[in-house]
Amino acid sequence: MSVQELEKIFQDKIDNEIRIEPKDWMPEKYRQNLIRQISQHAHSEIVGMLPEGNWISRAPSLKRKLILIAKVQDEAGHGLYLYSAAETLGISRDEMTEQLLSGKAKYSSIFNYPTLTWADMGAIGWLVDGAAIMNQVPLCRTSYGPYSRAMIRVCKEESFHQRQGFETLLVLSRGNEEQRAMVQDAIDRWWWPSLMMFGPHDSESQHSEQSMKWKIKRFSNDELRQRFVDMIAEQVKLLGMTLPDPDLKWNEEHKHYDFGTINWEEFWNVVSGNGPCNKQRLEARNKAWSEGAWVREAAVAHAEKRAARKKQVAA
Amino acid sequence: MSVQELEKIFQDKIDNEIRIEPKDWMPEKYRQNLIRQISQHAHSEIVGMLPEGNWISRAPSLKRKLILIAKVQDEAGHGLYLYSAAETLGISRDEMTEQLLSGKAKYSSIFNYPTLTWADMGAIGWLVDGAAIMNQVPLCRTSYGPYSRAMIRVCKEESFHQRQGFETLLVLSRGNEEQRAMVQDAIDRWWWPSLMMFGPHDSESQHSEQSMKWKIKRFSNDELRQRFVDMIAEQVKLLGMTLPDPDLKWNEEHKHYDFGTINWEEFWNVVSGNGPCNKQRLEARNKAWSEGAWVREAAVAHAEKRAARKKQVAA
Amino acid sequence: MSTRQLFAYVLQLADNALILGQRNAEWCGHGPVLEQDIAITNISLDLIGQARYLYQYAATLYNGFSVEEQHAVNALLPRPWKAFNRELQEDDLGMLREERQFLNLLITELPKGDWAQTTLRQFFFSAFQYLQYTQLQNSTDEQLAAIAEKSLKEVAYHLRWSSEWVIRLGDGTEESNRRITAALEELWMFTGEMFAPVAFETQAAQEGYGVDVASLKESWLNRVTTVFEEATLSIPKSTWAQSGGKEGKHTEHLGYLLTEMQYLQRTYPNAVW
Amino acid sequence: MSTRQLFAYVLQLADNALILGQRNAEWCGHGPVLEQDIAITNISLDLIGQARYLYQYAATLYNGFSVEEQHAVNALLPRPWKAFNRELQEDDLGMLREERQFLNLLITELPKGDWAQTTLRQFFFSAFQYLQYTQLQNSTDEQLAAIAEKSLKEVAYHLRWSSEWVIRLGDGTEESNRRITAALEELWMFTGEMFAPVAFETQAAQEGYGVDVASLKESWLNRVTTVFEEATLSIPKSTWAQSGGKEGKHTEHLGYLLTEMQYLQRTYPNAVW
């Protein structure tokens, strides 16, 4: 079959909402695009463990400590599913890890902001996971089978996290004066970076058009961002808090919330490595990886010894 | 002159309270004995920085933080004087350091106990420095000149530290219920180890007789210990606290306090490396030394470069 | 039955679980490989979960005490709670007692160290806890028996997991053997404390609600010997044991751990989180 | 004169000194060589001493405020103090404010790192503080002028000492050069904040009691350039600057530092030590 014919079969499947599976033929660019996107997503889960991990030792109650640890652990689990999905496309987890550690691969820029108070644990669940879900729900129907199946599991847990995050803030918002101030402060710091999580405006987005055609992506950045704003602008009222945007207001004509201008200079600065924690995050991952090298080597060496002994016994 | 004649001159000087100076002839055993004793004392100052250093970051007020830092720094200073005094006997500071780090040289066992509360800072000043001074004041008249001069400086500062320690406890003893409990608890933990600082009973002491003859030592372990008990048994009343010894009581006949039996098993265990913090203390010193190696090398390398450049300019 | 001793006994079990759980949680996000990051975090979750059951039970006990009984355990109560004017709760016990009131074994509070130290410590502790909780199932105290039973499945997993790592590192590379040998040298003197009963443990064993820890030593040594053989490690000769933890005399490490762990509860006393 | 701005201005100066002093004190007992252990500890003593003068002055200011003025600085006051029912004291300000109330430069709170990071950070800060305090001697506020004058001798020594170390490490061994270059990469983006005035600094400069920090940049760069030349180091091209410290938005490091530093004051509120 010619490449053109293969491409036709491939695109027909996609158009008919039939999932592409690892053994199916696929265009190289589709493969590359997916590897980039899935591994970036996996890296985000792994790096995303760090800002929240920063409060594990200081969680305010044993119950909250358990919830937080379990949540960060879930993120490790998500990383695992996603690395596995990416591996079906012919790249190894070690290769992906190297790309992360060397700074070649990206991860979500939101994790380059510091977590300064306990309320940040709530704000991350509510806003950051909220924005992530908005991006991710459509991916449950993405065209590549392993990715879509991984995303179904991820999304289920993420929406649980989002509810937990909101509940954390709700408790604080009913607490003492300092706790309430903590909530407002956390919202003030995380709101704009959360909006940036949807990526640049559609007009500036690099990969969008082709991704739409391949159904890797199903909604544009700006569409998803608008949905998110509409959702949060309502939920924030339940907390008795405000969003740090004087331009935010309901537009009766469009049935959406209008909102202010995003500081794209900050966005690009953080993407390009100048965020408050870029260095710190990568250093933490590099440290874990390099200090774990001898452990991984020992595990391999021992497994080999065992296998050799077994063979000997069998012989 | 024969060795016998030299020895006679040497002993005459000592008997007439004339100080031995670095260039004077001295018996090899005197030299070795002094090196052992002075370096052990220097090491004690250096290792002694660690238990108190443990509370610098957590000192309860800015004023107390300053006092504590200054005190620990003084100990570094004492270490310096003493290493210098030992160096006049023909051993280098690096050599002595190596002996400490390898575990070959000893340091005062008291520093192998942990500091568990802020009151320990007071108790160390009052009891540990108190016992040290009791040992050290006679050394201001020790026969070796550089050692005796170093000790004069050390003793002046140490007695200042002891007063500070007592004052720390006095403030706490007038504080709230928890602070008072802290003081009693600290006294309970530091009392017996302080008594052990005077070393084994005279009947068990290895180096005593010769040291007395050479006037390196002027009072026996048990004599000094008794003086210490008599002093502290009175001072503790000012704090409204008690010493953890049911057998402690004034002996009208001897005009001294009788006191209970020291747990020599614990003493020898700690001396031989089994104290709660022996490993930790040596590890801390080893870490500082090995992590500082590149700094020391850089300083030497730079000094050499400078010297070479100067020479070139001069030429 | 001496309620004072029971209260201390429950706290001691809880403190062991909490402090080791807190230590293991330091690995979360920093493990040597993702699957093991998850595994050690699981152990941490299990242990903190056990601590919660035990603190809840201790609080219930206390709240049901007579005035004299309450007075008798005064030294173990968190000071700030006394001003709260409400019943004792789990977090008061875990998050507001002072260092000298914590009764955990010293081995649980030591720094996490490298992977060898963490897994070997877990092995020593889990092998002990497995024996302790197995017997605790027969406690005359129903609550303790139930908590032991509920926890045993978790502990069995911790023991299996940590045994495997001890074997893997002992019989792995030269470096891993060197590291676990160093860890052994570090940790061995902290194992004796597990089997040296303090007053409230002796009482607990006598009254049938607690375990005679001294009697567990042989089985524990057998288990260690078996695993060490496969790991090509030898049991150290030294029998000197550090002690003090169960009486509130700790290493210098615990203070820092508590400072961090209790920070928010100390900063905002009696807030709801 | 806006007393609110003055209060913040004094606190900022104090916080810089305290936080860097606390960091440097971590070396005490752990320095690379005895003489330098003593030297860095001296710097720590000087800085904490400066912090005390400044907090004392801030407390005096506050205690002399009118009710409205006191109300205006409410956001900067330590919450627990409000229940103490006594005048504000230096330790309330240093030991009981929350992380978001600390106004120190981010560069002062970064971990001490290795000797290269410590000495280079000290050099960057001391070079700035020297210029700042030199001008502050002319402050229309007599107290500030006096504190600046008193501190300058110390700062001059810190600057000389740290310059020497930068040169020594830059022009020392290959390793020391590699390490100080790495430190430079780490720290450079935290230097810009020193010269970017926030609202209360602008006000302070306008009203004559504070220093126009933006105007110090050129002299600072000249000093750095001179020392770097001798140290065979180059000034990085990047001009991106981290900021936020002077507005209470810190790095993740400060929280841990404060947790430790404030532990006893939080555990025993309003006790006398």
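Every chain is numbered from 1 and lettered A, B, ... according to where its sequence line falls, protein lines coming before strand lines.
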message = Is D:M261 in contact with chain B via its backbone, its side chain, both, or neither, using a 4.5 Å heavy-atom distance?
response = both

query = Does atom CZ of D:F228 have more than 12 heavy-atom neighbours, drawn from other residues, nucleotides or ligands, at distances under 6.0 Å?
reply = yes

note = Heaviest contributor of heavy-atom pairs below 4.5 Å to chain D, chosen from B:Q179, B:R58, B:M49, is B:Q179

task = Tell me, with the steps shown, if B:Q37 and B:Y147 meet side-chain contact (heavy atoms from CB on, under 4.5 Å).
result = CA-CA 10 Å; B:Q37 183 172 330; B:Y147 189 23; 3.3 Å; yes

ask   = Given a strict heavy-atom distance threshold of 4.5 Å, which part of B:I69 is in contact with chain D: side chain, backbone, both, or neither?
value = both

ask   = Looking only at heavy atoms, what is the nearest atom pair of B:P114 and B:R189, with distance?
value = O-NH1, 4.1 Å

Polar side-chain atom of D:N270 near backbone of D:W81 as donor-acceptor pair, under 3.5 Å = no

task = Using a cut-off of under 4.5 Å on heavy-atom pairs, state which of D:H30, D:R52, D:M95 scores highest against chain B.
result = D:R52

note = Highest number of heavy-atom pairs under 4.5 Å with chain D among B:E52, B:K63, B:E178 belongs to B:K63

task = Just do the side chain to side chain donor-acceptor pair (under 3.5 Å) check on D:E109 and D:H250 with the steps written out, would you?
result = CA-CA 8 Å; D:E109 73 201 37; D:H250 293 277; 2.7 Å; yes

key: Heavy-atom proximity to chain B below 4.5 Å, by part of D:E260   = both

message = Under a 4.5 Å cutoff for heavy-atom pairs, which residue among D:Y55, D:Y263, D:W115 has the most contacts with chain B?
response = D:W115

query = Is the closest side-chain heavy-atom distance between B:F111 and B:C277 below 4.5 Å?
reply = no

request  = Report the C-alpha separation of D:R79 and D:E98 in whole Å, then their side-chain angles, then the decisive distance to 0.1 Å, and conclude whether the salt bridge (charged side-chain N to carboxylate O under 4.0 Å, His left out) test is met.
outcome  = CA-CA 8 Å; D:R79 189 186 43 78; D:E98 291 168 19; 3.7 Å; yes

remark   = Nearest heavy-atom approach of B:K71 to B:I124 is NZ-CG2, 4.1 Å

query = Do D:L11 and D:Y57 touch side chain to side chain, with heavy atoms closer than 4.5 Å?
reply = no

query = Between atom OG of B:S39 and atom CD1 of B:I46, what is the distance when rounded to the nearest 0.5 Å?
reply = 12.0 Å

task = Residue by residue, scan residues 166-179 of chain D and write down, ordered by number, those that have a heavy-atom distance under 4.5 Å to chain B; if none do, write 'none'.
result = D:I167, D:R168, D:L169, D:D171, D:G172, D:T173, D:E175, D:S176, D:R179

Between B:N286 and B:S290: side-chain donor-acceptor atoms closer than 3.5 Å = no

message = What's the separation between atom OG1 in D:T108 and atom CG in D:L254, rounded to the nearest 0.5 Å?
response = 7.5 Å

inquiry  = Please classify the contact of B:A59 with chain D as side chain, backbone, both or neither, using a heavy-atom distance under 4.5 Å.
reply    = backbone

note = Per-residue tally against chain B (heavy atom, under 4.5 Å) across D:E90, D:E26, D:E35 peaks at D:E35

query = With a 4.5 angstrom heavy-atom cut-off, which part of D:A51 approaches chain B: side chain, backbone, both or neither?
reply = neither

Separation of D:L18 CG from D:N104 CG (nearest 0.5 Å) = 8.5 Å

note = Most contact-rich option vs chain B, by heavy-atom pairs under 4.5 angstrom, among D:V272, D:I48, D:L45, is D:L45

request  = May I ask you to check whether D:F123 and D:W161 place their ring centres under 6.0 Å from each other?
outcome  = no

request  = Pick whichever of B:K287, B:E291, B:R285, B:E75 has the most heavy-atom pairs under 4.5 Å with chain D.
outcome  = B:R285

key: Over 12 non-hydrogen atoms of neighbours within 6.0 angstrom of CZ in B:R64   = yes

remark   = Okay, D:W27 and chain B: the region with an atom under 4.5 Å from a heavy atom over there is neither

key: Contacts of residues 160-175 of chain B with chain D (heavy atom under 4.5 Å)   = B:V171, B:L172

message = For D:Q56, which atoms come within 4.5 Å of any heavy atom of chain B: side chain, backbone, both, or neither?
response = neither

message = As a quick check of understanding, evaluate ring-ring contact (aromatic ring centres under 6.0 Å, His included) for B:H41 and B:Y81, giving each step before the final call.
response = CA-CA 11 Å; B:H41 188 168; B:Y81 310 156; over 10 Å; no

query = Can you tell which of D:V33, D:T41, D:L34 has the highest number of heavy-atom pairs within less than 4.5 Å of chain B?
reply = D:L34

key: D:K82 atom NZ, neighbour heavy-atom count above 12 within 6.0 Å   = yes

Region of B:M121 that comes under 4.5 Å of a non-hydrogen atom in chain D = neither

key: 4.5 Å side-chain heavy-atom contact, B:S109 and B:P193   = no

request  = Return the option, out of B:A293, B:A299, B:A298, B:A301, with the maximum number of heavy-atom pairs under 4.5 Å with chain D.
outcome  = B:A298

